[in-house]
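Structure first, then comments.
Just the heavy atoms: all of them, side chains too, but no hydrogens, waters or symmetry mates, feed the values below. The structure displayed is predicted, hence computed values, not measured ones. Every number for a ligand or one of its atoms is a count from 1 in the order of the listing.
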Amino acid sequence: MMKYALVTGGSRGIGRAICIKLAGMGYHVLINYRHNDAEALATLQAVREKGADGELMKCDVTDGAAVSEMLSAWMQSHPDGYIEVLVNNAGIRKDNLMLWMTGEEWAHVLDTGLNGFFHVTQPLLKNMLARRFGRIITIVSLSGIKGLPGQTNYSAAKGGLIAATKALAQETAKRRVTVNAVAPGFIHTDMTGQLDEDELKRLIPAGRFGEPEEVAGLVGFLASPEASYITGEVISINGGLYT
Ligand code: NAP
């Protein structure tokens, strides 16, 4: 039977690497993104090069009604299948000191990370619980563990996701649905493109930024049957950066 995985924010960066990893594990990959059609198509192409298939699921995860409509339509057209792996990866940053932060900067980051998690996860839970197998993996951040200055909004979103992960894991464990979070440090993507890498890498014991594929490797493991007894965990992947 076809196995389905959904990756939010799958058009670029870490999300794309996760789509490719899951394709290599035999998943049909549903690639969600917000507006970058060309990049999403490039991800789909890369999924196909792995010998798997996938489809684009363009939808803004901040829009609960639109997400619910998209997922219901998908479920109706796939009565025999269900999304057994969900990777909540969509996220944005809008850094600013709290002193200067606007309500929009606060709300948009929380809406994407934290509310997006609820909008996508809630409709998919029922099938995972009924079929007694599911994997929910959320990409959080070092920022959500230790807090980083200039990121009160982002730290709040990621910290909230960590707490939600721990709570949800306890609700679903008996039905073999595991819920975990992966907390990267600095990874080479568009999100970190503007940062001063030479300065920052001196703080990292490994002496370098990580690659999206390294994060995808961990996500692939958590999605695999081998990770069946790991739940409610937050696993850091940051080259030894002290947390
Ligand atoms: P990225 O390169 O900026 O890509 C962000 C992805 O999220 C894109 O696919 C984007 O779609 C999608 N997205 C953004 N807002 C969305 C929305 N409202 N609805 C649907 N999709 C949306 O980011 P990244 O660096 O790969 O980060 C991925 C995740 O890892 C994020 O949750 C981020 O917070 C986390 N993270 C990253 C790092 C790092 O160093 N890079 C470190 C720690 C945690 P479009 O292409 O359509 O815009």
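- Under the 4.5 Å side-chain heavy-atom criterion for Ile, Leu, Val, Met, Phe, Trp and Tyr, Ile139 and Ile31 are members of the same hydrophobic cluster.
- No side-chain heavy atom of Thr178 sits under 4.5 Å from any side-chain heavy atom of Ser228.
- For the residue pair Ser143 and Ser155, a side-chain donor N or O sits within less than 3.5 Å of a side-chain acceptor on the partner.
- Between Thr165 and Val234 there is no side-chain heavy-atom pair separated by less than 4.5 Å.
- When side chains are defined from C-beta on, Val177 counts as touching Leu129, because their heavy atoms get closer than 4.5 Å.
- Listed as neighbours of ligand 1 are Gly9, Gly10, Ser11, Arg12, Gly13, Ile14, Asn32, Tyr33, Arg34, His35, Asn36, Cys59, Asp60, Val61, Thr62, Asn89, Ala90, Gly91, Ile92, Thr112, Ile139, Val140, Ser141, Tyr154, Lys158, Pro184, Gly185, Phe186, Ile187, Thr189, Asp190, Met191, Thr192, each bearing a heavy atom under 4.0 Å from the ligand.
- With His188 as the fixed residue, the side chain to side chain donor-acceptor pair (under 3.5 Å) test singles out one of Glu214, Arg208, Glu211: Glu211.
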